[in-house]
Every structure is written in structure tokens, then in C-alpha cells.
Amino acid sequence: MTQDVLFDTNEGVATITLNRPQRRNALSNETIRQLSDAMDSAADDPAISAAILTAAGPIFCSGAELSGSADPREMLAGIEAYAALIEKMQTIALPLVAKVKGPAMGGGIGLVLACDLAVASEEASFTTPEIKVGMFPMMIMALIFRHMGRKRGMELIFSGEPLSAPEALEAGWLNRCVPADDVDDEAENMARRFTRFSPKIVALGKQAYAKTCDLPFSEALQVLKNELIALMQTDDSKEGIRAFLEKRPPRWTGK
């Protein structure tokens, strides 16, 4: 049986690949489960500093796998699993880089926006086609409207028309929009940057953001104050300051 998701590691960077090109990398319940497991595998490996999420074939992800004969219980399980996956991606103690070479649709957009960083080919596009089939992009709205304003987001959702990669870059969905031949190198360079940093500090920083991004300013400031105090007690923080003062490269232990 072909794996829905491939997992590979190379010099501190994991690559998680959607591997259903014959199904336009649609998100079945099994695919979502394998994606979640791959995220856990990357986060649990102390040798991994970052992970790249990408896809085999010309389409990044066509969203949820629709079936006219789907069991309602299976559909509900898929909704629950997708929501849990998106939340995991937001909070997992590992930087995630989306590498998008082709169209991302519906739930596929959610995967891109749930990553911390994103690189796309100039040929990629982003579409919420749900309105055309009597659906609505309910869950990914939580991400869409954290990345763009209401008017533009509503136009995207109600039209069902694609957002080009350059438009997605301008809207803040992407960090880079590059020629197709440069996507692999750009994503790899972005992910490999984290191999130079303390994985402990990166993880604490990402988790602090997740805790505070939706809090009122004063409340967020108090939480972040406590997060900074805790961070400064780590071995890697002490080592980083010591190395700076001694004018030498730091030796991270991940503690």
C-alpha cells in the first residue's frame, strides 16, 4: 500500500511530503492521521531543527476528499482530525516551512497558513472553492482572517476564485514567492537556518507566540514576561550569553 505521507530527514531538517498525487493530494482521514504522526515524529526527534511540508505531483493539496457515499461518522471524524492537526501545527515545538509548488485549495490552504513560514512557486495559487459545491471554508477562516483583512478575505471566500502566489505574498500568506526552479533551494535554506539555533529556545519562542497571539496586549505582556524569565533559566540561554561574551560559537545542548 502506498503511503499517503512520506517522511525523510537530512542534516537536521525533516521533509514531510503529501504523497497522493493521483488523488490531487486530497486529505482523507488516513492522510490527516499520517500527517499528524509525521509532525510528532519530527518534533520528538532531538536531531531535527525544522520541518518542510510539501507535496508530490503538480498540486499541493486539493483540500478534503469528498465522497458521495461517505459515512457521516467518518466525515465527522475527519473534521475533528483536521481541526486537531491544524492546532497541532500551530503549537508544535518545531518550526514548520510550507513548500508550495502548485495549487492549494480549501483545507490545503489551511496547511500552508498553519505553517510558520511559507515559500511558493510563482505558478502556485490558492483557492477556496467550497462555495461552489454548497460548502463553506469554516475552519480555515480561523487562519485566513489572521493573515488578511476582512474585505479581501470575504472576496476570496465568496468568489471561489484563486489568489495568485504573488497576490498571496502581498497579502502576507507567504515569506517568498520565487521561480519554480528556485522553490526547493529557497525552502531548504529557510528551514536549514534553524539548525544554527538552539532547538530549545526556538521551541519556547514558538510556544510563547501560540499562547499569546490572541490575548489583549497587557495580558500578553505579562505572560511573555514570565516566558522570558523561564527561558533565561535554560542551559542554552546561559550558554548563548556566555558564548557571546567569550566571542565564540555557542554549543547548544537543547536543554
Please walk me through it: do Glu161 and Lys132 pass salt bridge (charged side-chain N to carboxylate O under 4.0 Å, His left out)?
CA-CA 10 Å; Glu161 298 301 319; Lys132 297 181 179 181; 3.3 Å; yes
Where do Gln207 and Thr91 land on the side chain to side chain contact (heavy atoms under 4.5 Å, CB included) test, with the steps shown first?
CA-CA 6 Å; Gln207 291 173 332; Thr91 58; 5.8 Å; no
Is there a side chain to side chain contact (heavy atoms under 4.5 Å, CB included) between Leu53 and Met89? Walk through the geometry before answering.
CA-CA 11 Å; Leu53 176 62; Met89 293 172 67; 4.0 Å; yes
Side chain to side chain contact (heavy atoms under 4.5 Å, CB included) assessment of Met141 paired with Ile157:
CA-CA 9 Å; Met141 283 199 295; Ile157 290 169; 3.7 Å; yes
Show your reasoning for whether side chain to side chain contact (heavy atoms under 4.5 Å, CB included) applies to Arg193 and Arg196.
CA-CA 6 Å; Arg193 177 187 311 162; Arg196 306 195 301 266; 3.5 Å; yes
Please step through salt bridge (charged side-chain N to carboxylate O under 4.0 Å, His left out) for the pair Lys200 and Asp235, ending with a clear verdict.
CA-CA 9 Å; Lys200 178 72 171 180; Asp235 291 347; over 6 Å; no
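Heavy atoms from other residues, nucleotides or ligands lying under 6.0 Å from OH of Tyr209 number 12 at most.
Pairing each heavy atom of Pro129 with each of Gly106, the nearest pair is CD-N, 3.9 Å. Here the shortest heavy-atom pairing between Ala191 and Ile52 reads CB-CG1, 3.7 Å. Here the closest heavy-atom approach between residue Trp252 and residue Pro250 is recorded as CZ2-CG, 3.2 Å. Nearest heavy atom pair, residue Leu111 against residue Cys61, reads CD1-SG, 4.4 Å. A pairwise comparison of heavy atoms in Thr127 and Pro162 identifies OG1-CB, 3.2 Å as the closest pair. The minimum heavy-atom distance between Gly57 and Pro21, with the atom names listed, is CA-CB, 4.1 Å.
In this structure, Leu6 and Gln3 have side chains that are in contact, with non-hydrogen atoms separated by less than 4.5 Å. Within the 4.5 Å cutoff, the side chain of Ile16 has heavy atoms near those of the Met39 side chain. With a 4.5 Å cut-off on side-chain heavy atoms, Glu246 and Ile241 do not count as touching. Annotation: side chain of Val178 is in contact with side chain of Val183 (closest heavy-atom distance under 4.5 Å). Leu143 is listed as a side-chain neighbour of Gln90, based on a closest heavy-atom distance under 4.5 Å. Inter-residue side-chain proximity for Thr9 and Thr15 is flagged as unmet; no heavy-atom pair is nearer than 4.5 Å. Between Ile140 and Ile86, every side-chain heavy-atom pair lies at or beyond the 4.5 Å cut-off. Between Thr128 and Ile109 there is a side-chain heavy-atom pair separated by less than 4.5 Å.
The backbone N or O of Ala208 sits nowhere less than 3.5 Å from a side-chain atom of Glu227 that would complete a donor-acceptor pair. With Glu188 contributing its side chain and Asp185 its backbone, the two residues share no donor-acceptor pair below 3.5 Å. Without hydrogens or angle criteria, Ser36 side chain to Leu85 main chain gives no donor-acceptor distance under 3.5 Å. With hydrogens and angles ignored, the 3.5 Å screen pairs a side-chain donor or acceptor of Ser159 with a backbone N or O of Glu155. Of the possible polar contacts, one joining the Ser121 side chain to the Glu123 backbone as a donor-acceptor pair under 3.5 Å is found. Side chain of Ser237 to backbone of Thr234: no donor-acceptor contact under 3.5 angstrom is found.
In the hydrophobic clustering of ILVMFWY residues, with side-chain heavy atoms under 4.5 Å counting as a link, Leu174 and Met190 come out apart. Cluster membership for Phe126 and Tyr82, using ILVMFWY side-chain heavy atoms within less than 4.5 angstrom, is shared. Residues Met105 and Met148 fall into different hydrophobic clusters, defined by Ile, Leu, Val, Met, Phe, Trp and Tyr side chains chained together at heavy-atom separations under 4.5 Å. Both Val5 and Leu27 are members of a single hydrophobic cluster when ILVMFWY side chains are connected at heavy-atom separations under 4.5 Å. The hydrophobic cluster containing Val97 does not contain Leu35, counting ILVMFWY residues as joined when their side-chain heavy atoms lie under 4.5 angstrom apart, directly or transitively.
Contact check on Asp4 versus Arg23 returns no salt bridge, with no Lys/Arg side-chain nitrogen under 4.0 Å from an Asp/Glu carboxylate oxygen. In summary, Asp236 and Lys255 do not engage in a salt bridge, as defined by a charged side-chain N under 4.0 Å from a carboxylate O. Between Arg33 and Glu30 there is a salt bridge, since at least one side-chain N of the basic residue sits less than 4.0 Å from a carboxylate O of the acidic one. Between Glu65 and Arg20 there is a salt bridge, since a side-chain N of the basic residue sits under 4.0 Å from a carboxylate O of the acidic one. Of the charged side-chain nitrogens involved, none lies within less than 4.0 Å of a carboxylate oxygen, so that Lys101 and Glu122 do not count as a salt-bridged pair. Checked for salt-bridge contact, Glu239 and Arg248 meet the test: a charged N lies under 4.0 Å from a carboxylate O.
For the atom pair CG (Leu94) and CD1 (Ile48), the distance works out to 8.0 Å, reported to the nearest 0.5 Å. Taking CG from Leu117 and CG from Asn175, the interatomic distance works out to 4.5 Å, rounded to the nearest 0.5 Å. Here the CE-CG distance, from Met75 to Asn29, works out to 9.5 Å after rounding to the nearest 0.5 Å. The SG atom of Cys213 sits 6.5 Å away from the CZ atom of Arg146 when rounded to the nearest 0.5 Å. The distance from the CZ atom of Arg152 to the CZ atom of Phe145 is 12.5 Å, given to the nearest 0.5 Å. Atom CG of Asp45 sits about 6.5 Å away from atom CZ of Phe7, to the nearest 0.5 Å.
Between Phe158 and Phe136, the ring planes lie tilted relative to each other; the angle falls in the 30° to 60° range.
Side chains of Thr31 and Gln34: a donor-acceptor N/O pair is absent below 3.5 angstrom, by distance only.
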